[in-house]
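Okay, structure first, notes after.
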Amino acid sequence: MGNDCHLQQIKSADAEKSERFTLRLGLRTLLVWHVIWGAQDLPADWFAGVLHAHIGTLLSLANIAACVSFLASSAVWYGIYLRTKRIPDKRIIASWLSIYLWYFVLFFMPEAYLLVQVSHALQYLPFPMRVELNRRQANLVDIKQVALKGWAIKYYLLLLCAGIAFFYFPEFISIENQQFTFAVLVSSLINIHHYFVDSCIWRISNAEVRRELFAHLETRFLK
């Protein structure tokens, strides 16, 4: 959702339809890579063993596709720069580049998966916080900025502590010799929740989501 939010803010004068398509296609290519990469850990007998037998080939193809998508997207940003004579919004570039860097880390250091997840969570934590800030400011019109910032810091720390608890506490109460531990159960629930949050709730195409997320910006971003 975070990348979609940034890409939605690219003015039509900055990125043409084909360029926006290329950027989004690149992100979807990474999604395919993620699915294939994660499928390596599936039991060998799933899908009659066909998936396990070809997973190496599929991953190699996904690696090539991801590299091509990165080069194509980089060419898009450079093309926008040449056409507009100015560098695209650095926040958009940083958000786009961070996704590729995460997968770059996973490719060379698969054991860094947890670190990537935590980094991903921290990067997108400002989105729900921005919504809550906008809601609070709408309900308390006369609230001072100092008080609003103080509340935002406490809200951020609360979410951060809750995240740490969900990431680490289940490991301490899990029985190691079990195939499906409590930690695995919690991790699965988080991933299912993540799917519904990204695919059903936090959809930037939803007018209400845009209105609450961008309420602090000019009205042209809410259309």
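Model, not experiment: these values are computed from the prediction.
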Mind checking whether W151 and L157 sit in one hydrophobic cluster, side chains of I, L, V, M, F, W, Y counted as touching below 4.5 Å?
no
So, using side chain to side chain contact (heavy atoms under 4.5 Å, CB included) as the criterion, who are the partners of M129 when residues are at least two apart?
L133, A152, Y155, Y156
Write down the atom of S73, the atom of G26, and the distance for their closest heavy-atom approach.
OG-CA, 4.4 Å
Is V32 reachable from F107 through a run of hydrophobic residues whose side-chain heavy atoms are each under 4.5 Å from the next?
yes
H34 side, atom NE2; I99 side, atom CD1 - distance, nearest 0.5 Å:
10.5 Å
List in chain and number order the residues that pass side chain to side chain contact (heavy atoms under 4.5 Å, CB included) with L59, two or more places apart in sequence or in another chain; answer none if no residue qualifies.
W33, I36, W37, Q40, N63
ILVMFWY cluster, L27 and L71 together (side-chain gap under 4.5 Å):
yes
By ring-ring contact (aromatic ring centres under 6.0 Å, His included) - contacts of Y81 (at least two apart):
none
Answer with yes or no whether the hydrophobic clustering places V35 together with L106; edges join I, L, V, M, F, W, Y residues whose side-chain heavy atoms lie under 4.5 Å apart.
no
Run the ring-ring contact (aromatic ring centres under 6.0 Å, His included) test against F104 and tell me which residues pass, sequence neighbours left out.
F108
What closest approach, in Å, do L30 and A66 show between heavy atoms, and which atom pair accounts for it?
CD2-CB, 4.1 Å
Are L25 and V76 joined in one hydrophobic group, where the rule is that I, L, V, M, F, W and Y side chains link up if heavy atoms are under 4.5 Å apart?
no
Side chains of V68 and I64, heavy atoms from C-beta outward: is any pair under 4.5 Å?
yes
Apply side chain to side chain contact (heavy atoms under 4.5 Å, CB included) to A39 and list each qualifying residue two or more places apart in sequence or on a separate chain.
L42, L51, I55
Name all residues meeting the side chain to side chain contact (heavy atoms under 4.5 Å, CB included) criterion together with S74; count only those two or more places apart in sequence or in a different chain, and write none if there are none.
F70, W96
Return the NZ to CG distance between K90 and L97, rounded to the nearest 0.5 Å.
14.0 Å
Stepwise side-chain contact (heavy atoms from CB on, under 4.5 Å) check, V131 with E212:
CA-CA 6 Å; V131 170; E212 291 196 325; 3.9 Å; yes
How about L23 and E19: do any of their side-chain heavy atoms sit closer than 4.5 Å?
no
